[in-house]
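First the structure, in the form of structure tokens, and then the observations on it.
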Amino acid sequence: MANRAKDEMYAVGWCHADIDNTTCKSCVTDALRKVQVFFFMVRTKCLLYAELVKGKNIIEGSNDLGGENKRIIEGSGDSGCENDTCKTQCTSTLVSFDEITSNAQGKKIALFLDYDGTLSPIVNNPEMAFMSPEMRETVRDAAKIFPTAIVTGRSRRKVFEFVKLVERYYAGCHRLDIMVLEVRPEDVADKGKVIKYLIGTLGLNDSNVLPIYIGDDETDEYAFRVLREQKNGYGIDTIFVLVIINVPSKLVSLDQGRNRK
Ligand SMILES: O=P(O)(O)OC[C@H]1O[C@H](O[C@H]2O[C@H](CO)[C@@H](O)[C@H](O)[C@H]2O)[C@H](O)[C@@H](O)[C@@H]1O
């Protein structure tokens, strides 16, 4: 990573560790040192949102992204993390973060996302599992850059209602669509087969492709296992996730050109 131009770095991250923003801050700050653009980091419990604006790292953290208690912290501090849970989670994440970054060099990322508990919070009423606007925007942005699929145990119709992303995106000469793949209830234990199917049919079975699957529950473990066994990708539990990916700087600038607030 050290010899790559900083403007070729792009970061995607989720965090929903059940810890507060302050204890998470040092870990995020540390991660931000490694990238120029930290594109998003939004989750449902420990909500952190970070991005780089005009060359300056800004971390915005909040217990409620729509609420009043937003803070903006310049991302150069190195406050100690006092929370053991946070330390453990973040330490292990940052190890894999480095590994993923290293293995992503020169490869095309393919992104697979679970819905409930990953893109949306887990709530008591399944009809109310809405995505936040920030997460929607994040998925939209990710899909501009990577082949992006949502793999879910819900019906496609329901997930489309929640996700509300109908646009098609173009990046370079590749058309990238957000796909939603419905896994029937009787097959839900086999998101592993779904991943194999998608990788095969999308022509992603290539050593130049790095599939990354992000999920939160045991059904997602089947997909994690496939990637682990095939040794050609990463399954990431959303306890705490940071992924740094290389993309052409012109795509990054598309994102920076938009007002995200
Ligand atoms: O594969 P997923 O996208 O993770 O969908 C799996 C199931 O998600 C839903 O149930 C889960 O989320 C609900 C809303 O937060 C929660 O109330 C429930 O306890 C969770 O199991 C959905 O209702 C199921 O149909 C999906 O199979």
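Note: hydrogens, waters and symmetry copies are ignored here, and every other heavy atom, side chains too, is used.
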**Report entry** Salt bridge D206-K108, side-chain N to carboxylate O under 4.0 Å
**Finding:** no
Query raised in the report: K158: what forms a salt bridge (Lys or Arg N to Asp or Glu O under 4.0 Å) with it, not counting sequence neighbours?
Result: E127, E161
Report task. Tell me, with the steps shown, if V163 and R136 meet side-chain contact (heavy atoms from CB on, under 4.5 Å). Result -> CA-CA 7 Å; V163 176; R136 180 171 296 107; 5.5 Å; no
Query raised in the report: Under the salt bridge (Lys or Arg N to Asp or Glu O under 4.0 Å) rule, what pairs show up with a residue in residues 224-236, not counting sequence neighbours?
Result: none
Query raised in the report: Would you find more than 12 non-hydrogen atoms of other residues, nucleotides or ligands less than 6.0 Å from N125 atom CG?
Result: yes
Report task. Compute whether any side-chain donor of one residue and acceptor of the other, for Y234 and N103, lie under 3.5 angstrom apart. Result ->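 Checked: Y234/N103 side chains pair up, N/O donor to acceptor below 3.5 Å.
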Query raised in the report: Between CD1 of I109 and CD1 of I212, what distance do you get to the nearest 0.5 Å?
Result: 4.0 Å
Query - Nearest-0.5 Å distance that lies between atom OG1 in T148 and atom CG in L111 - result: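 CG of L111 is found 4.5 Å from OG1 of T148.
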Requested in this report: If a pair satisfies ring pair (Phe, Tyr, Trp, His ring centres under 6.0 Å) and one of its residues is in residues 103-129, list it, with sequence neighbours excluded.
Outcome: Y115-F162
Quick one: are [X] and [Y] in side-chain contact, heavy atoms under 4.5 Å?
| X | Y | result |
| --- | --- | --- |
| K196 | Q230 | yes |
| L210 | N232 | no |
| V151 | D114 | no |

